[in-house]
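This report concerns only the one structure given below.
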There are 2 protein chains.
Amino acid sequence: MPVKKKEKIQCDSNIVHEEIVRRVGQKMPSEEALYDLAELFKVFGDSTRIKIIWALFEEEMCVCDIAHLLNMTHSAISHQLRVLKQARLVRPRREGKNMYYSLDDQHIEEIFHQGLIHINE
Amino acid sequence: MPVKKKEKIQCDSNIVHEEIVRRVGQKMPSEEALYDLAELFKVFGDSTRIKIIWALFEEEMCVCDIAHLLNMTHSAISHQLRVLKQARLVRPRREGKNMYYSLDDQHIEEIFHQGLIHINE
DNA sequence: ATAATATATGAACAGATGCTCATAAGTTCA
DNA sequence: TGAACTTATGAGCATCTGTTCATATATTAT
């Protein structure tokens, strides 16, 4: 009695499309890389931080000016700059009492650009 | 008596670096565009969704297979696919009992690529 | 030293998020 | 029709997040 061969397979939790899952699984980046990527995008996923970064596209600014530009408290901006700093996206520079922040990455602008293309589609 | 001109200005909440703030402010995209951009990146800011998208780079897959690949419940995957669908990042196609999802955007891969460059720097 | 200004930081709180669970909806096959 | 299977969805909940507030730190000028 020949075993009935299933050509187009169902999606039983056991009889999954094993071929597909195996092939795709092999091409996936490491768990760690995907996690880090998500962490990076998480940083971009807040409109305050997006605004800060966009402002710094133009030129370096101090905390106070950013706060004024975005009409937010110094504290809130400082907290967010810390997040950006930890993600190695901005770099601080002291000048007297002021801390000037500037962008520390060349790829951000390209990432944002592609993001805007998606939005405006 | 000549008015003392302030060259490098202080950061009083009143005497902000008005020139800078004004110039940068003019170049900022609209509030709405920046908000939408943040929303898009928020979608990328979760490792489950990152994994789903990366899997779909290879080929379309059904809910069940994605769940199996990522070792998660069907429900969790379905919820996340909904988020991706609402963001117009994936597109569903029915085939019998299965819903096959595929990527609906050409720019995602470029965005992810640039993101990885930042991480590996 | 003290005062004034700029920034940083911890605690607290409200709101958002992602998963699980239960259940519903849609499809196929007997 | 009903049973089996796949996917979708709402509720509940634990966790995470972004802001505010109070306070600390750092620099400059008096």
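On a predicted model such as this, the values are computed, not experimentally measured, just so you know. Residue numbers start from 1 in every chain, and the chains themselves are labelled A, B, ... in the order their sequence lines are given, proteins ahead of strands. Both backbone and side-chain heavy atoms feed into the values below; hydrogens, waters and symmetry mates do not.
Between A/Tyr101 and C/dA8 there is a side-chain polar atom (N or O) within less than 4.0 angstrom of OP1 or OP2. For D/dT27, neither phosphate oxygen OP1 nor OP2 lies less than 4.0 angstrom from any side-chain nitrogen or oxygen of A/Asn98. Residue A/Gln80 has a polar side-chain atom (N or O) positioned under 4.0 Å from OP1 or OP2 of D/dT19.
In this structure, CG on A/Leu69 lies 8.5 Å from CD1 on A/Ile77, to the nearest 0.5 angstrom. Residue B/Glu121 holds its CD atom at 11.5 Å from CG of B/Leu116, rounded to the nearest 0.5 Å. Distance check, rounded to the nearest 0.5 Å: NE2 of B/His74 to CG of B/Asp65 gives 8.5 Å.
The shortest distance between side-chain heavy atoms of B/Phe57 and A/Val24 does not fall below 4.5 Å. Within the 4.5 Å cutoff, side-chain heavy atoms of B/Leu37 are placed close to those of A/Trp54. Contact annotation: the side chain of A/His79 never approaches that of A/Val83 to less than 4.5 Å [non-hydrogen atoms, C-beta and beyond]. When side chains are defined from C-beta on, B/Asp46 counts as touching B/Gln80, because their heavy atoms get closer than 4.5 Å.
In this structure, A/Tyr100 places its OH atom 13 Å from P of C/dA8, rounding to the nearest Å. The CE atom of A/Met99 sits 15 Å away from the C1' atom of C/dT5 (whole-angstrom rounding). Rounded to whole Å, atom P of C/dA8 lies 12 Å from atom CD of A/Gln86. One interatomic measurement links the two molecules: CZ of A/Arg93 to P of D/dA26, which rounds to 20 Å at whole-angstrom precision. Distance, A/Leu81 CG to D/dG18 P: 13 Å, rounded to whole Å. For the pair A/His68 NE2 and C/dT7 P, the computed distance is 13 Å after rounding to whole Å. In this structure, B/Lys42 atom NZ and C/dT17 atom P are separated by 6 Å, rounded to whole Å. A/Met72 has its CE atom 15 Å from the C1' atom of C/dT7, to the nearest Å.
No side-chain donor-acceptor contact under 3.5 Å links A/Gln106 and B/His118.
The terminal axes of the helix from C/dA1-D/dT30 to C/dA30-D/dT1, fitted over 5 pairs per end, subtend an angle of 20° to the nearest 10°.
Using cut-offs of 30° and 60° on the angle between ring planes, the pair A/Phe44 and A/Phe112 is perpendicular.
In this structure, of D/dT19, D/dT7, C/dT17, it is D/dT7 that holds the atom nearest to the side chain of B/Cys64. Minimum atom distance to the side chain of B/Val63 is reached by D/dT7, of the listed C/dT20, D/dT7, C/dC19. In this structure, of D/dC5, C/dA8, C/dA6, it is D/dC5 that holds the atom nearest to the side chain of B/Lys97.
Residue A/Leu84 forms a side chain to side chain contact (heavy atoms under 4.5 Å, CB included) with just one option from A/Leu103, A/Asp104, A/Leu89, A/Leu56, and that option is A/Leu89.
Taking a 4.0 Å limit (strictly below) on heavy-atom distances, residues 43-53 of chain B reaches DNA chain C at B/Asp46, B/Thr48, B/Arg49.
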Base contacts versus sugar-phosphate-only contacts with protein, heavy atoms under 4.0 Å: please encode nucleotides 9-14 of chain D as B, S and - from 5' to 3'.
BB----
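Residues B/Tyr35 and B/Ile111 are members of separate hydrophobic clusters, defined by side-chain heavy-atom contacts under 4.5 angstrom among Ile, Leu, Val, Met, Phe, Trp and Tyr.
Using a 4.0 Å cut-off between charged nitrogen and carboxylate oxygen, A/Glu60 and A/Arg93 count as a salt-bridge pair.
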